[in-house]
Amino acid sequence: MTTVRVVVGGAVFDRGRLLAARRSAPPELAGRWELPGGKLEPGESARQALVRELREELGVEVEPLARIDGEWPLKPPYVLHVWTARLLAGEVRPLQDHDELRWLTPDRVDEVDWLEADRPAVAAAARLLTAG
Ligand code: CDP
């Protein structure tokens with residue numbers, strides 16, 4: 001039996017909006033939108049991985065807040081976990097893996113073509129933003 005490996009995605013909130021990131025690679029995912037993040041490295045917690053990935057990919061510091069309930073299958077052995085996170089410092093820039101970033105108000109999250117695995121978490125994040 002293979003142990004599942006976690007990919008953590010961040011539902012990054014700032015001023016009532018959710019961050020969406022458009023992937024530039026690999027070719028089969030390029031052009032699709034995701035909650036930015038990546039694979040946990042050995043020994044890392046999900047919170048640590050999220051902070052590291054968003055620093056590397058977007059040049060910002062975030063504070064992970066809470067995990068969104070659920071776990072979504074990716075290419076085995078990976079599964080997606082999503083955490084809400086608050087932007088602490090910096091301005092997001094697509095430093096690696098992405099070619100466009102957008103801040104979406106909760107009523108507009110459906111305007112981009114999310115990766116399948118992200119959709120339930122995006123809907124949950126939009127509900128959290130709407131609830132304020
Ligand atoms: O950067 P790293 O190699 O750690 O991970 P990644 O390439 O960002 O994510 C690994 C895989 O997880 C991707 O190939 C996507 O298929 C998937 N993924 C996803 O579906 N939704 C996300 N929000 C993040 C990753």
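Numbering of ligands and ligand atoms starts at 1, following listing order.
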- When you check the gap from the basic side-chain N to the acidic O, do Arg52 and Glu41 get nearer than 4.0 Å? yes
- Message: What I want to know is whether Leu35 and ligand 1 share at least one N or O pair that is separated by under 3.5 angstrom.
- Response: yes
- Query: Which residue supplies the protein heavy atom nearest to atom 9 (O) of ligand 1, what is that atom called, and how far is it?
  - Reply: Arg23 NH1, 3.9 Å
- Is there a donor-acceptor pair closer than 3.5 Å between any side-chain N or O of Arg32 and the backbone N or O of Arg23? no
- Query: Are Lys75 and ligand 1 in contact, using a heavy-atom cut-off of under 4.0 Å?
  - Reply: no
- Heavy-atom contacts with Gly37 under 4.0 Å: which atoms of ligand 1 show up? List them by number with element. 8 (O)
- Message: So if I apply the side chain to side chain contact (heavy atoms under 4.5 Å, CB included) rule between Val51 and each of Arg55, Arg47, Gln48, Glu53, which one comes out positive?
- Response: Arg55
- Task: Please report which non-hydrogen protein atom sits nearest to atom 24 (C) of ligand 1, along with the residue it belongs to and the distance in Å to one decimal place.
- Result: Glu34 OE1, 3.3 Å
- Taking only heavy atoms of Leu115, which atoms of ligand 1 are found under 4.0 Å from at least one of them? 19 (C), 20 (O), 21 (N)
- One finds that the ligand 1 atoms under 4.0 Å from a non-hydrogen atom of Asp118 are 19 (C), 20 (O), 21 (N), 22 (C), 23 (N)
- Query: Side chains of Arg17 and Leu104: does their closest heavy-atom pair fall under 4.5 Å?
  - Reply: no
- Item | Under-4.0 Å salt bridge between Arg119 and Asp110 | no
- Item | Beyond-backbone contact of Asp99 with Pro94, side-chain heavy atoms, under 4.5 angstrom | no
- Task: Do me a favour and list the nearest non-hydrogen protein atom to atom 14 (O) of ligand 1 with residue, atom name and distance?
- Result: Leu29 CD1, 3.4 Å
- Message: Just so I know, are the side chains of Leu95 and Glu57 near enough to count as touching, which here means a heavy-atom distance under 4.5 Å?
- Response: no
- Using a distance threshold of 4.0 Å (strictly less than), state whether atom 11 (C) of ligand 1 has a protein heavy-atom neighbour. no
- Please report which non-hydrogen protein atom sits nearest to atom 5 (O) of ligand 1, along with the residue it belongs to and the distance in Å to one decimal place. Gly38 CA, 3.5 Å
- Task: Mind listing the closest non-hydrogen atom pair of Pro36 and Leu58 along with its distance?
- Result: CG-CD1, 3.8 Å
- Message: For atom 3 (O) of ligand 1, what's the nearest protein heavy-atom neighbour? Residue, atom name and distance, please.
- Response: Lys39 NZ, 3.0 Å
- Task: Would you mind listing which atoms of ligand 1 come within a distance below 4.0 Å of any non-hydrogen atom of Leu74?
- Result: 12 (O), 17 (C), 19 (C), 20 (O)
- Query: Heavy atoms, side chains only, cut-off 4.5 Å: are Arg5 and Tyr78 in contact?
  - Reply: yes
- Atoms of ligand 1 close to Glu53 [distance to a heavy atom under 4.0 angstrom, numbered from 1]: 1 (O), 4 (O)
